[in-house]
Amino acid sequence: MSEPRGIRHDFATAYGEDYVGVAPEAFVRGPTADGQGVRVEGTCPRCLGGTASEYRYGTPGTGTKGLLDRLRAGRQAPAPREQDAALLREVHFCECGYAHGGLPADAPFVGCGASWRLPGLSEEGATG
């Protein structure tokens, strides 16, 4: 994720696989660049870096029916309410892109190792 969202990024935070509970701020939901999924972005509650995750439609945890959705020609996005419900149940991980000190070589995400659930989602580009 690019700055300025991660402008407070604490690069000195050491890697640690820590579940930090519910993030203190809502994240933003929007479509992926190719329209085949949803992108969720916000601020990691541990290292304060900007983080973004992409979830493909038809993938468990993204509010779709999985196999039935994959069999359809042209994956269609589930309704935003369904997306939000699934994404709020999901555990999200820091993907700030910075290799924090102690990051294992086989870590599935490049970040500080934190995981959390979301308190809410707002629509990309929404004001208010």
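Side-chain atoms are counted along with the backbone in the values below, which use heavy atoms only and exclude waters and symmetry mates. Positions are given from 1, in the same order as the sequence printed here.
- What you find for Glu25 and Arg8 is that their closest heavy atoms are OE2-NH2, 4.0 Å.
- Under the 4.5 Å side-chain criterion, counting only non-hydrogen atoms from C-beta, Leu121 is in contact with Leu87.
- Counting all heavy atoms, side chain and backbone alike, Pro45 lies closest to Leu48 at O-CD2, 4.2 Å.
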Only pairs under 3.5 Å count here: list side-chain donor-acceptor contacts from residues 12-22, not counting sequence neighbours, and write none if there are none.
| unit_1 | atom_1 | unit_2 | atom_2 | d |
| --- | --- | --- | --- | --- |
| Thr13 | OG1 | Asp10 | O | 3.3 |
| Thr13 | OG1 | Asp10 | OD2 | 3.0 |
| Tyr15 | OH | Glu17 | OE2 | 3.1 |
| Asp18 | OD2 | Arg46 | NE | 3.2 |
| Asp18 | OD2 | Arg46 | NH2 | 3.4 |

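- The heavy-atom pair separating Ala23 from Trp116 by the smallest distance is CB-CD1, 3.8 Å.
- Between His9 and His100, the two ring planes are tilted [angle within 30° to 60°].
- The list of salt bridge (Lys or Arg N to Asp or Glu O under 4.0 Å) pairs with a residue in residues 96-107, not counting sequence neighbours, is empty.
- The closest side-chain donor-acceptor pair between Glu95 and Thr51, if any, does not fall under 3.5 angstrom.
- Scored by the ring-ring contact (aromatic ring centres under 6.0 Å, His included) test, Phe93 finds Phe109 as partners (sequence neighbours excluded).
- Rounding to the nearest 0.5 Å places SG of Cys112 at 11.5 Å from OH of Tyr98.
- Residues Cys94 and Ser115 have side chains not in contact (no heavy-atom distance under 4.5 Å, counting atoms from C-beta outward).
- Minimum interatomic distance between Ala52 and Glu41 (heavy atoms only, all atoms of both residues): CB-CB, 3.8 Å.
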For this session: For side-chain contact (heavy atoms from CB on, under 4.5 Å), just list the numbers for Arg117 and Val91, CA-CA rounded to whole Å, side-chain angles, deciding distance to a tenth of an Å, and then say yes or no.
Result: CA-CA 5 Å; Arg117 292 190 188 278; Val91 173; 3.5 Å; yes
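- Salt bridge annotation for Glu123-Arg29: present, with a cationic side-chain nitrogen under 4.0 angstrom from a carboxylate oxygen.
- Contact annotation: the side chain of Tyr55 approaches that of Val40 to within less than 4.5 Å [non-hydrogen atoms, C-beta and beyond].
- With salt bridges taken as basic N to acidic carboxylate O contacts below 4.0 Å, one links Asp34 and Arg56.
- In terms of modelled atom types and a separation under 3.5 Å, the side chain of His92 and the main chain of Cys44 share no donor-acceptor contact.
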